[in-house]
Amino acid sequence: MAAAAAAREQNTVPETSAVGDPIFSRVRLATSSDVPFIHKLIYEMAVFEGQTHLFSATESGLTSTLFNSPPFQSVTVFLLEISPSPFPSTVSPDFTPFVKTHNLDLPIEDPERDNFTPDISNDVVVAGFVLFFPNYLGFLSTHGLYIEDIYVREPYRGKGFGSMLLSAVAKQAVKMGYGRIEWVANVNALKFYEQMGVRILQKLRVCRLTGDALQAYDMVNI
Ligand SMILES: CC(C)(COP(=O)(O)OP(=O)(O)OC[C@H]1O[C@@H](n2cnc3c(N)ncnc32)[C@H](O)[C@@H]1OP(=O)(O)O)[C@@H](O)C(=O)NCCC(=O)NCCS
């Protein structure tokens with residue numbers, strides 16, 4: 001793999017490069033230096049959902065609004081990374097990363113990998129993320145975690161990585177003694193959630209006040 005990194009440095013790497021077998025995954029806390037990748041992942045999500053017309057996030061916007069408080073007290077991001085080499089084991093008082101080994105039938109072809117490689121010398125690729133924050137559950141008189149975004153990049157889907165991300169958030173909720181995790185689901189992903197033991201509430205609808213309709217409240221006399 002050092003050879004692959006050297007080839008990329010010399011620009012001799014093919015446009016499509018494969019991650020072979022076995023591969024190693026890690027779910028870790030994101031930091032401010034991950035903002036360029038988080039921005040690209042959120043944009044990909046907007047493309048996937050056909051909602052680029054609603055996308056106005058910028059890297060500087062993310063930098064000024066994320067990572068302003070200790071992990072889990074406000075918005076928190078877990079990043080999913082994939083590597084052809086084992087990740088070093090690290091322990092952190094905030095969050096010890098989850099690492100896993102996967103034996104795949106076929107190598108993963110990732111044409112975008114150079115756009116998602118934090119450090120070109122070590123072959124680690126950013127493959128997904130989950131962004132969440134604490135909410136409050138009056139019914140339970142305790143906190144919960146609300147997932148705003150969960151996303152696995154296309155070449156890495158269907159291999160258990162989405163389950164890893166969701167499980168990491170659920171495990172954290174249990175660790176903190178929180179009562180629930182909750183999110184709004186894309187209908188295409190409902191099967192995925194059902195397989196993870198999630199209950200889908202049929203009677204609730206998403207309500208959203210945004211854009212001009214929200215700004216109009218500035219003029220409302222209350
Ligand atoms: C939804 C998503 C996060 C799932 O991640 P993933 O890595 O593909 O999921 P996993 O490989 O961990 O799948 C776990 C299980 O769910 C199933 N599954 C995953 N996505 C599915 C889908 N779209 N339809 C049916 N089943 C699905 C898998 O087959 C697997 O079942 P198995 O354990 O019996 O094999 C990922 O597909 C994704 O990012 N999709 C695009 C964005 C999106 O829809 N985000 C969610 C918004 S609510």
Side-chain angles (χ1 to χ4, degrees), residues 27 29-68 74-82 108-118 125-135 144-170 173 180-196 198-220:
V27 173
L29 269 176
T31 68
S32 54
S33 62
D34 297 311
V35 160
F37 300 107
I38 295 169
H39 184 254
K40 278 186 253 190
L41 289 164
I42 297 174
Y43 182 72
E44 273 200 9
M45 224 184 140
V47 173
F48 176 85
E49 293 183 354
Q51 302 217 316
T52 47
H53 57 291
L54 300 178
F55 179 90
S56 61
T58 58
E59 286 188 24
S60 61
L62 292 173
T63 301
S64 62
T65 51
L66 297 176
F67 312 114
N68 289 330
S74 180
V75 185
T76 303
V77 179
F78 287 158
L79 216 59
L80 167 71
E81 294 172 315
I82 307 297
I108 298 174
E109 300 287 340
D110 180 1
E112 293 290 320
R113 66 166 292 145
D114 283 357
N115 289 329
F116 287 93
T117 307
V125 182
V126 173
F129 79 116
V130 55
L131 183 152
F132 58 97
F133 46 84
N135 59 2
L145 291 176
Y146 185 85
I147 297 178
E148 180 63 28
D149 298 320
I150 180 166
Y151 184 75
V152 173
R153 291 178 49 232
E154 204 275 332
Y156 300 90
R157 287 184 203 148
K159 297 170 174 53
F161 299 129
S163 307
M164 261 183 98
L165 284 170
L166 191 58
S167 302
V169 179
R180 178 159 98 195
I181 60 173
E182 201 164 41
W183 61 94
V184 172
N186 182 315
V187 287
N188 297 322
L190 292 184
K191 281 239 170 62
F192 162 65
Y193 295 128
E194 278 169 345
Q195 302 223 13
M196 296 211 58
V198 167
R199 196 157 63 94
I200 293 157
L201 306 182
Q202 304 296 343
K203 284 195 178 167
L204 299 186
R205 292 282 184 275
V206 180
C207 298
R208 188 173 283 173
L209 192 54
T210 185
D212 290 345
L214 174 63
Q215 296 309 318
Y217 276 82
D218 192 30
M219 309 301 286
V220 166

Problem - Interatomic distance, M45 atom CE to T52 atom OG1 [nearest 0.5 angstrom] - result: 13.5 Å
Handout entry: I108 side chain reached by K159 side chain, heavy atoms, under 4.5 Å
Key = yes
Handout entry: For F67 against A30, the heavy-atom pair lying closest together
Key = CE2-O, 3.3 Å
Handout entry: Check against side chain to side chain contact (heavy atoms under 4.5 Å, CB included), F37 and E81
Key = CA-CA 11 Å; F37 300 107; E81 294 172 315; over 6 Å; no
Problem - Contacts of S64 that satisfy side chain to side chain contact (heavy atoms under 4.5 Å, CB included) - sequence neighbours left out - result: none
Exercise for the section: Only counting residues at least two apart or in another chain, list the ones meeting side chain to side chain contact (heavy atoms under 4.5 Å, CB included) with R157. Expected result: F48, Y151, V152, E154
Problem - Partners passing side chain to side chain contact (heavy atoms under 4.5 Å, CB included) against A170 (at least two apart in sequence or in another chain) - result: I181
Problem - Beyond-backbone contact of F78 with L29, side-chain heavy atoms, under 4.5 angstrom - result: yes
Handout entry: Closest contact, heavy atoms only, G162 versus I150
Key = O-CD1, 4.1 Å
Practice task
Give the C-alpha distance, both sets of side-chain angles, the deciding distance and a yes or no for side chain to side chain contact (heavy atoms under 4.5 Å, CB included) between F129 and D34.
Solution key: CA-CA 11 Å; F129 79 116; D34 297 311; over 6 Å; no
Completion exercise
Between D110 and P155 the two heavy atoms that sit nearest each other are OD1-CG, 4.0 Å
Exercise for the section: Using a 4.5 Å cut-off on heavy atoms from C-beta on, say whether the side chain of V130 contacts that of W183. Expected result: no
Fill in the blank from the handout: Heavy-atom nearest pair, G128 first then L165, reads C-CD1, 4.3 Å
Completion exercise
Nearest heavy-atom approach of S163 to S167 is O-OG, 2.6 Å
Exercise for the section: Kindly assign one of parallel, tilted or perpendicular to the pair Y43 and F55, based on the angle between their ring planes and the thresholds 30° and 60°. Expected result: perpendicular
Report, one line per pair, each donor and acceptor closer than 3.5 Å where one atom sits in a side chain of residues 202-218; sequence neighbours left out.
from : atom 1 : to   : atom 2 : distance (Å)
R205 : NH1    : Q202 : O      : 3.2

Practice task
Write down the atom of P134, the atom of S74, and the distance for their closest heavy-atom approach.
Solution key: CD-O, 3.5 Å
Exercise for the section: Give a yes or no on whether the backbone of V126 and the side-chain of R153 come within a donor-acceptor separation of less than 3.5 Å. Expected result: yes
Exercise for the section: Name all residues meeting the side chain to side chain donor-acceptor pair (under 3.5 Å) criterion together with Y146; count only those two or more places apart in sequence or in a different chain, and write none if there are none. Expected result: none
Can you list, pair by pair, the side-chain donor-acceptor contacts under 3.5 Å of residues 184-195, counting residues two or more places apart and other chains?
from : atom 1 : to   : atom 2 : distance (Å)
N186 : OD1    : N188 : N      : 2.8
N186 : OD1    : N188 : ND2    : 3.2

